[in-house]
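Everything numeric in this text was worked out from a predicted model, so none of it was measured. The sequence lines fix the lettering, A, B, ..., with proteins before strands; numbering per chain opens at 1.
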Number of protein chains: 2
Amino acid sequence: MPRVNIKTVAQYAGVSEATVSRVLNSNPTVSEEVRARTLEAIEKLGYQPNRAARRLRANSSDVLGLIVSDIENPFFTSVVRGVEDTAQAAQKSVILCNSDENPTKLKNYLKIMEAERVAGLIVAPTSMKDGESLQRLTQVGIPIVLLDRQVDNYVFDSVLVDNIRGAFTGVKHLIDLGCERVAMIGGTPALSNARDRLEGYRNALKAAGLSIDEKLIKEGNYKIESGYRIGKELAHSTHRPQAIFVANNLMTLGAVRALRELKVRIPEDMAIVGFDDTPWANELMVPLTVVSQPTYQLGQTATQLLLNRLARPDAPFQTAILHTHLIIRESCGAQLHNQEKML
Amino acid sequence: MPRVNIKTVAQYAGVSEATVSRVLNSNPTVSEEVRARTLEAIEKLGYQPNRAARRLRANSSDVLGLIVSDIENPFFTSVVRGVEDTAQAAQKSVILCNSDENPTKLKNYLKIMEAERVAGLIVAPTSMKDGESLQRLTQVGIPIVLLDRQVDNYVFDSVLVDNIRGAFTGVKHLIDLGCERVAMIGGTPALSNARDRLEGYRNALKAAGLSIDEKLIKEGNYKIESGYRIGKELAHSTHRPQAIFVANNLMTLGAVRALRELKVRIPEDMAIVGFDDTPWANELMVPLTVVSQPTYQLGQTATQLLLNRLARPDAPFQTAILHTHLIIRESCGAQLHNQEKML
DNA sequence: CTGAAAGCGCTTACAG
DNA sequence: CTGAAAGCGCTTACAG
């Protein structure tokens, strides 16, 4: 079955291909009568313009690329929704790829995005060293918005979260509750948000006049498994910490699992504050106190920045910082604290 | 900065565009010497072939489309991983869209996929009525594999799960534990898997010689909120059921939330068995007994079917049925039961 | 083994 | 307001 193309439509409607193209692109210089006739032909033939051809010729496209670093993390799926909704409202479609926190996979998808000639790209870097690969895309005219993470030596439009302040608040909360030995399960220092959350942790200890025990600072990889493994280590350590601050949602789940298996009670034996809320955090064996991030809004904002950039390629770069807030539930021990007070 | 194209490369390497194209496509009829020279030019210029152009001309593409119906559901994110890994191994890339359980959005994305000329498409339908829209794509040469859900009146390659049997097993488990009044929170009957799970539920009751109380069968929409709402209803009902069988993971979370808020104990006051496991199911206030689905493998299999279809367009349609298994944790009351026995 | 040329399906100045 | 024609960057018979 021969595919119907613009020529078929033109013949059917008795107009030129140029005219069909014009009505397709809502060019106002087409008479009502011709437009109607053309639209009818399009409808009747079920014509679907070939975007590959359009993109080739017009050198512009209405698809936005989005590369997240872990599609299995609810943080990103929520961001994805924000991006999709905002893009859709602006008549753009989005294609999504998953770098799996892997710089090599990221580079590969970057190539694909370039080859696909997406109009612009939102990406969560896998490392602060990703700048060069990203820069390449902007050089060929594909603007980039950085999501959630920064990059060394290069500047892009970015949307970030106040990680330092967020972590500070979470750790301070633990300290205010009386914890003096607070451990941290962090992410890889290759990630800016991991560094920032660690900095927030340090700041909170310093601000409280507490000493920093480097042995209490552990490096995970933002996956469940590492939170689990480090959680066990921490629970087994000789001079056990009173609390753990965990730098992301999945590692928090892992840590909770570890403590459950070891029958370490939360928060009585060890308190926990996590970074990033999830739909299930409140239904866990002990409802999680977390530093919550505006995930959906992160996606919205990133898309908006990209759309702005597309509209004004030469505008100065912009960084949007979104704010976190502490959600106090039970894993931090606040309830316990209240009960004690009541006694 | 003018983009480097095949012409630039050809001139730089001192060969024709045709030759560059040949080395790009690993055409064996190129001499080693010329190939090396061309590759060097490609490397030096950082040439990135324009896929839009290739697709236009070659009328073939190495990108696979994947349309899931709820990107926020861990079921689908796991499926996505399976698809991506399998596609990647076959040198294909995948672009992902989210229909949000909305037939209109699905139609829209279907158009985009067609316009993008993807090589093939894996889709989770939003309704059994989606067949016609899907058929359209196969008519223009884009093969389709149905994921997790079937469709009326049209036949496609499909990968499904043994929903009837899975639900049967879950409900039977509850009955064996002594529950005679088992409620069901199901999905919309527009979805084949929702129908099948309901059928499995009915079968289990019948097999046990129990009567079916239609008032105990509730229709949700596979989102948290509906599980929550119906969970409350059920908890408040006058002749309260002893157990609930919930047809998907997100609704199960909602139901757990509802019961917690109402201080209905699980499983003492009401037992729960859910359909589909999640990473957090075991860490919930009461670890969830679930009918687990092979999610990752579902993605793998769907991709394999699509790849097969691409290789052999005229082969007969195939349906792969993957199997579920029951994971017994605590929400069903099995532990309780054991304790009783021990007394 | 390699090149010249046609053509994929669009869009966009350029005329009129 | 509309059409004829060129061209986007590739691939692929067709020659040689």
Side-chain angles (χ1 to χ4, degrees), chain A residues 1-39 41-42 45-63 111-112 114-119 140-142, chain B residues 1-39 41-42 45-63 111-112 114-117 119 140-141:
Chain A
M1 165 163 159
R3 206 146 197 162
V4 10
N5 56 23
I6 201 171
K7 192 170 171 183
T8 328
V9 176
Q11 288 171 344
Y12 190 97
V15 299
S16 72
E17 297 180 28
T19 296
V20 177
S21 174
R22 288 190 187 101
V23 343
L24 246 24
N25 295 288
S26 312
N27 186 320
T29 74
V30 181
S31 72
E32 253 328 303
E33 189 252 318
V34 171
R35 171 184 311 281
R37 187 147 41 96
T38 310
L39 251 15
I42 289 173
L45 296 169
Y47 170 58
Q48 204 50 240
N50 182 329
R51 292 192 177 209
R54 167 178 299 182
R55 216 176 295 173
L56 177 57
R57 179 57 229 247
N59 220 11
S60 87
S61 102
D62 56 357
V63 3
K111 275 188 193 168
I112 291 173
E114 180 184 350
E116 292 287 341
R117 302 300 192 263
V118 293
V140 297
I142 301 178
Chain B
M1 166 166 160
R3 206 147 198 161
V4 10
N5 56 25
I6 201 170
K7 192 171 173 183
T8 328
V9 176
Q11 287 172 343
Y12 189 98
V15 299
S16 71
E17 298 179 28
T19 297
V20 177
S21 174
R22 287 189 189 102
V23 343
L24 247 23
N25 295 288
S26 311
N27 185 321
T29 75
V30 181
S31 72
E32 252 331 300
E33 189 253 319
V34 171
R35 172 183 310 280
R37 187 147 41 95
T38 309
L39 252 15
I42 288 174
L45 298 169
Y47 170 58
Q48 203 53 239
N50 182 328
R51 291 192 178 208
R54 168 177 298 181
R55 219 176 293 171
L56 178 56
R57 181 57 229 248
N59 220 10
S60 87
S61 102
D62 57 357
V63 2
K111 274 188 193 167
I112 290 173
E114 179 184 350
E116 292 287 340
R117 302 299 193 262
V140 297

Inset, instruction - Could you check how far CZ of B:R55 sits from P of C:dG9, rounded to whole Å? - result: 15 Å

Inset, instruction - State whether A:E114 and A:K111 are salt-bridged, where the test is any N-O pair (Lys NZ or Arg NE/NH1/NH2 against Asp/Glu carboxylate O) under 4.0 Å. - result: no

Legend entry - Verdict with supporting geometry, B:V4 and B:Y12, side-chain contact (heavy atoms from CB on, under 4.5 Å): CA-CA 11 Å; B:V4 10; B:Y12 189 98; over 6 Å; no

Inset, instruction - Please state how far atom CG in A:N25 lies from atom C1' in C:dG9, giving the value in whole angstrom units. - result: 13 Å

Inset, instruction - Taking the side chain as every heavy atom from C-beta outward, state whether A:R55 and A:V63 have any pair of such atoms under 4.5 Å apart. - result: yes

Inset, instruction - Please work out the stems of DNA chain D from pairs that are Watson-Crick or G-U wobble with both distances under 3.5 Å, keeping only runs of three or more consecutive pairs. - result: C:1-3 with D:14-16, C:5-12 with D:5-12, C:14-16 with D:1-3

Legend entry - Separation of D:dA6 C1' from A:R57 CZ (nearest whole Å): 7 Å

Legend entry - B:R54 side-chain N/O to D:dT11 phosphate OP1/OP2 under 4.0 Å: yes

Inset, instruction - Could you state the atom-to-atom distance from CG of A:N27 to C1' of C:dT12 in whole Å? - result: 10 Å

Inset, instruction - Might you work through the side-chain contact (heavy atoms from CB on, under 4.5 Å) test for A:V34 and A:V23, ending with a clear yes or no? - result: CA-CA 9 Å; A:V34 171; A:V23 343; 5.5 Å; no

Inset, instruction - Give the rounded distance in Å between these two atoms: CG of A:D62 and P of C:dC10. - result: 14 Å

Inset, instruction - Assess whether one donor atom and one acceptor atom, taken from the side chain of B:R22 and the base of C:dG3, lie less than 3.5 Å apart. - result: yes

Inset, instruction - Please report, rounded to the nearest Å, how far the C1' atom of D:dT11 is from the CD atom of B:E17. - result: 10 Å

Inset, instruction - Can you tell me the distance, in whole Å, between the CG atom of B:L24 and the C1' atom of D:dC10? - result: 9 Å

Inset, instruction - May I ask you to verify if any side-chain N or O of B:N50 is less than 4.0 angstrom from the OP1 or OP2 atom of D:dC8? - result: no

Inset, instruction - Determine the contact category for A:V20: base if any of its heavy atoms lies under 4.0 Å from a base atom, sugar-phosphate if only primed atoms, P, OP1 or OP2 are that close, otherwise nothing. - result: nothing

Inset, instruction - Grab the CG-P distance between B:L45 and D:dG9 for me, whole Å please. - result: 15 Å

Legend entry - Close side-chain approach of A:N50 to A:N5, heavy-atom, < 4.5 Å: no

Legend entry - Among D:dG3, D:dC10, C:dT11, the nucleotide that comes nearest once only the side chain of A:A18 is considered: D:dG3

Legend entry - Which residue lies more 5' along DNA chain C, comparing B:E32 with A:P49 via nearest heavy atoms: B:E32

Inset, instruction - State which of D:dC8, D:dT2, C:dC8 makes the closest approach to the side chain of A:T19. - result: D:dT2

Inset, instruction - Name the closest nucleotide to the B:V34 side chain, picking from D:dC8, D:dG9, C:dT2. - result: C:dT2

Legend entry - Nearest-neighbour nucleotide for the A:S21 side chain, C:dT12, C:dC1, C:dA5 considered: C:dT12

Inset, instruction - Could you tell me which residues satisfy side-chain contact (heavy atoms from CB on, under 4.5 Å) with B:A18, sequence neighbours excluded, listed by chain and number? - result: B:S16, B:R22

Legend entry - Neighbours of DNA chain C within residues 5-15 of chain A, by heavy-atom distance under 4.0 Å: A:N5, A:I6

Legend entry - Presence of B:S31 side-chain N/O under 4.0 Å of C:dT2 phosphate oxygens OP1/OP2: yes

Legend entry - Rounded distance (nearest 0.5 Å) linking atom OG1 of A:T8 with atom CD of A:E17: 9.0 Å

Inset, instruction - Give, for atom CG of A:N25 and atom CG of A:N27, the distance between the pair rounded to the nearest 0.5 Å. - result: 7.5 Å

Legend entry - Distance (rounded to the nearest 0.5 Å) between A:L56 CG and B:R54 CZ: 13.0 Å

Inset, instruction - Indicate yes or no: at least one non-hydrogen side-chain atom of B:Q48 is less than 4.5 angstrom from one of A:V140. - result: no

Legend entry - Residue whose closest nucleotide on DNA chain C lies nearer the 5' end, B:A53 versus B:R37: B:R37

